[in-house]
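The structure under discussion appears below in the form of structure tokens.
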There are 2 protein chains.
Amino acid sequence: MSGVRAQQKEKTRRQIINAALKQLSAERSFSSLSLREVAKEAGLAPTSFYRHFSDMDELGLTLVDEAGLTLRQLMRQARQRIAKGGSVIQISVETFMELIESNGNVFRLLLRERSGTSAAFRAAVIREIRYFTMELCDYLQKANNLDADVAYIHAHAAVTIVFGAGSDALDIDDKEEREQLAQQTIQQLRFIARGALEFSDRRKVSKKFR
Amino acid sequence: MSGVRAQQKEKTRRQIINAALKQLSAERSFSSLSLREVAKEAGLAPTSFYRHFSDMDELGLTLVDEAGLTLRQLMRQARQRIAKGGSVIQISVETFMELIESNGNVFRLLLRERSGTSAAFRAAVIREIRYFTMELCDYLQKANNLDADVAYIHAHAAVTIVFGAGSDALDIDDKEEREQLAQQTIQQLRFIARGALEFSDRRKVSKKFR
DNA sequence: AATTTAAGCGTACACGTGTACGCTGTTGTG
DNA sequence: CACAACAGCGTACACGTGTACGCTTAAATT
């Protein structure tokens, strides 16, 4: 049970995954990939693909999971930076923009499959984004002392804005424009934070006088 | 030049467009449509398709244009309702949600092609959304007396939130849940409006004392 | 009335697709 | 050591695809 066999299997499994990721681009979506293409890129005979995934769908779901993992790693990274001091919003946006730049195709996968044709894919992406939102929600609730529901609405809005900005960023090559987009996004997040805080405070006052 | 000929041509052109729209659904994206399928649905021989569009791409761009038109009609409709009184935000969200319910597939087309694999499609969708944003920007600037750039950032954020909510709404069947989403969206737009107003005011004060 | 234009059809072709099937060689197990 | 398990390969098949080509038929033009 040393696993020389299982080890090999895991290795070519990763080759398949990497082959798929490699073929993703602005011009190539996952759904446009064929089993044969992926197998070829992985250096496999088409039929050998089935030894690892029963379907392209199964591979796709695996990719979405990986993408979600990348997203969570990003968040941890952002939290570390924030702990060292600095504006929470600014650091978060910067970190996110770096993800777009370094892992654009992974982010593209999430964006595309969120509105894709497979219900399973959509559900998987939505789940990943929900994790993302919930963690932010917790943070906001503790940091800003917000009502639970205000915090959730705030978090949801912030995530929507950031993902929207990410989507825009994918179509921008110019570095200056990207920076401008980042600044705009930061400002939008500040609007939301400000608005949420005010609504939350107002509600507390009305509670006080109840 | 009476146009019996041109009239017929226009008619079957519409048949093609309608055939394509009819095949769009949650499970079927435009890019997954084949020329042959569309032609069949339109009651045409595959090769006759070429008499009207050189490409599936050309048909796709036409559809995006149509979708943009639908969007603009929606805005006019919303403005009419607003003129009759009521909360601007609430009426806008309600109107938008009605679009999702009645024209879900058209909206899906826009959402999908915005992050699709064709640069031309992406550009077309982004252009339509820009129109949408700009009109809102004008409105906000006049109605709330905002700075030009604050108004733009506000408008952009609002559109992002509304489109994001539309995207979420597409995956919700339950009417109650949909209503809840609408309320949440309204609240998010209020956060943004409140935040923008405050930032704008603050800036005016600093101008005053300059 | 004669001629040109053009929408629509049917046939035909080459190509890429998913996958069923049986085989080979290596690893793990009794 | 014998045997089972199994990753990987090659062949083969049916199917759907885009589109080139030539034809028909009805409208438009001359």
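Numbered from 1 within each chain, the chains take letters A, B, ... in sequence-line order.
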Going by an N to O cut-off under 4.0 Å, is there a salt bridge joining A:R14 and A:E66?
-> yes
Is there side-chain contact between B:F30 and B:M56, with heavy atoms separated by less than 4.5 Å?
-> yes
Let me know the distance between CG of A:D55 and C1' of C:dT17, rounded to the nearest Å.
-> 14 Å
Taking for each residue the nucleotide of DNA chain C with the nearest heavy atom, is it B:R36 or B:Q8 whose nucleotide lies nearer the 5' end?
-> B:Q8
Starting at atom OH of A:Y50, determine the distance to atom P of D:dT11, rounded to an integer number of angstrom.
-> 18 Å
Side-chain N or O of B:T12 less than 4.0 angstrom from OP1 or OP2 on C:dG8?
-> yes
What is the distance, rounded to the nearest whole Å, between atom CE of B:M56 and atom P of D:dG18?
-> 7 Å
Would you call B:E135 and B:R76 a salt bridge, using N to O less than 4.0 angstrom?
-> no
In whole angstrom, what separates B:L33's CG from D:dG16's P?
-> 16 Å
Identify which nucleotide among D:dT17, C:dT17, D:dT19 has an atom closest to any side-chain atom of A:E37, counting heavy atoms from C-beta outward.
-> C:dT17
Using whole Å, report how far CZ of A:F49 lies from P of C:dT17.
-> 13 Å
Atom CG of A:L35 and atom P of D:dC15: how far apart are they, to the nearest Å?
-> 19 Å
Any salt bridge between A:R114 and A:E128, counting N to O under 4.0 Å?
-> no
Quick note, B:K9 side chain, CB onward, closest among D:dC9, C:dG10, C:dA7 is C:dA7
Would you say the base of C:dG10 and the side-chain of B:T47 have a donor-acceptor pair closer than 3.5 Å?
-> yes
Touch check for B:S34, heavy atoms < 4.0 angstrom, all strands: base, sugar-phosphate only, or nothing?
-> sugar-phosphate
So, A:Q73 and A:Q77: side-chain donor and acceptor under 3.5 Å apart, yes or no?
-> no
D:dT29 base / B:R5 side chain donor-acceptor hit below 3.5 Å | no
Nearest whole angstrom, please: distance from the P of D:dA26 to the CZ of B:R51.
-> 16 Å
Send over the distance from B:E10 CD to D:dA27 C1', rounded to a whole Å.
-> 17 Å
